[in-house]
Amino acid sequence: MSTLFDPVRIGRYIAPNRLVMAPMTRSRSDAQGVPSDLTVTYYAQRASAGLIISEGVFPSAMGKGYINTPGIETPEQVAAWKKVTEAVHARGGRIFMQVMHCGRVSHPSLLNDATPVAPSAIQPAGKAWTPVGQVDFVTPRELSTAEIAGVINEYRQATRRAIDAGFDGVELHTASGYLPEQFLSSGSNQRTDAYGGSVENRARFVLEVLDAMVSEAGADRVGIKISPEMNYNSIVDATPQATYTYLVDQIRGKGLAYLHVALFNAAFDYHALLRPRFDGAYLMGGGLTQDSAEQALSEGKADATVFGSAFLANPDLPERFRVGAALNTVDHSTFFAPPTAKGYIDYPTLAAVQTD
Ligand SMILES: Cc1cc2nc3c(=O)[nH]c(=O)nc-3n(C[C@H](O)[C@H](O)[C@H](O)COP(=O)(O)O)c2cc1C
């Protein structure tokens with residue numbers, strides 16, 4: 001039986017507790033995708049997490065999907081991230097970078113007027129967050145088979161740069177309707193080449209990207225996030241149980257650091273389906289409370305538990321859970337906001353509250 005405060009192996013590392021900070025986009029980088037010193041402080045404040053997973057970071061300029069999100073392509077971006085990883089390490093923490101290519105969930109105004117790319121030319125429903133406000137998604141351009149190899153190489157290079165910037169590992173974002181899930185899902189992938197059609201073909205892109213990331217970081221520094229049936233950004237798969245069973249069966253044996261599964265009111269218990277199939281650390285997330293996380297750990301349903309908005313609003317979340325303290329109120333209005341301290345680095349710690 002494990003508790004939140006037992007150490008746990010996550011790939012190459014021993015995390016001192018089982019509280020993982022979820023990847024969260026905060027849209028506080030500059031227009032060139034460079035994080036600021038506020039970002040250094042934000043992550044350093046949260047270094048008591050067993051593991052921090054960074055906000056989604058685009059591997060190449062064509063992977064950008066939201067205003068003021070960060071990249072890991074230019075020397076300026078790498079240098080800024082180096083400050084983040086050094087600050088987290090100086091406080092005794094560990095941090096993986098989430099690599100996030102948005103594919104069709106983007107807009108030409110975010111891509112120097114280029115058309116977003118995707119497995120198939122299918123326009124998602126919904127709106128993009130752009131410098132000119134919220135505008136309808138456009139019909140993306142279908143990647144050629146040759147171009148897919150180029151995108152996979154971008155993930156490989158991004159992984160190299162993330163490691164060079166001091167990240168302890170990388171997470172492949174395969175959830176929330178972005179490029180990898182666009183390949184995986186039947187509703188967004190109607191290709192007739194080796195990357196479309198059967199489940200085996202639709203999973204090929206994800207598996208090849210993972211192999212490329214592993215080739216740079218080592219398997220024990222690579223994780224993957226999935227959210228079956230989340231249906232975010234109008235992603236739909238006709239046979240999600242079969243799709244994710246196949247994917248996880250293929251991933252098993254690669255020696256990956258972790259499988260991160262975030263569920264949001266899924267009608268089906270994917271944790272019960274997927275955890276027994278995976279051989280690395282199993283990270284469970286999505287709407288957890290201290291009680292539900294402790295229960296999942298004590299029942300052996302997960303190796304570690306992932307908290308999003310609670311970590312956003314409580315830099316010292318592990319300490320608060322340890323002493324049973326109240327949590328700060330989450331301010332949704334500053335989830336994505338101009339890069340000031342407000343709602344970013346000004347959530348008080350328990351110590352600050354007690355000495356006020
Ligand atoms: C402000 C915000 C931004 C998010 N951005 C990302 C992201 O960049 N990548 C990702 O995989 N999930 C993202 N998520 C989802 C979280 O990683 C997590 O799965 C979700 O918040 C559920 O956990 P919670 O209920 O503990 O908040 C985001 C969530 C929030 C609240």
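Because the structure is a prediction, the values reported are computed rather than measured. As the structure lists them, so they are numbered: ligands from 1, and atoms in each ligand from 1.
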For [atom], find the nearest protein heavy atom and state the residue, atom name and distance (0.1 Å precision).
atom: atom 17 (O) of ligand 1; value: Pro23 O, 2.7 Å
atom: atom 29 (C) of ligand 1; value: Met24 CG, 3.7 Å
atom: atom 5 (N) of ligand 1; value: Thr25 N, 2.8 Å
atom: atom 25 (O) of ligand 1; value: Gly287 N, 2.7 Å
atom: atom 27 (O) of ligand 1; value: Ser309 N, 2.9 Å
atom: atom 22 (C) of ligand 1; value: Phe264 CE2, 3.5 Å
atom: atom 23 (O) of ligand 1; value: Gly308 N, 3.8 Å

Validation row, ring centre Tyr282 to ring centre His271 under 6.0 Å: yes

Run the ring-centre check on Phe307 versus Phe321 and record whether the distance is less than 6.0 Å. yes

How are the rings of [X] and [Y] set relative to one another: parallel (under 30°), tilted (30 to 60°) or perpendicular (over 60°)?
X: His173; Y: Tyr178; result: perpendicular
X: Tyr270; Y: Phe268; result: perpendicular
X: Phe96; Y: Tyr258; result: tilted

Looking at non-hydrogen atoms alone, which of Gln98, His332, Lys225 comes nearest to atom 9 (N) of ligand 1? Gln98

Which is closest to atom 1 (C) of ligand 1 by heavy-atom distance: Phe311, Phe307, Phe335, Tyr178? Phe335

Proximal ligand 1 atoms for Phe336, defined as those under 4.0 Å from one of its heavy atoms: 1 (C)

Would you indicate whether the side-chain heavy atoms of Pro116 and Leu111 approach each other to under 4.5 Å? yes

Using a heavy-atom cut-off of under 4.0 Å, does the side chain or the backbone of Arg26 touch ligand 1, or both, or neither? neither

Tell me, with the steps shown, if Glu154 and Ser60 meet side-chain hydrogen bond (donor to acceptor under 3.5 Å, both in side chains). CA-CA 6 Å; Glu154 289 172 1; Ser60 61; 2.6 Å; yes

In this structure, are over 12 heavy atoms from other groups packed under 6.0 Å from Lys254 atom NZ? yes

Polar-atom distance check: Gly56 versus ligand 1, any N or O pair below 3.5 Å? yes

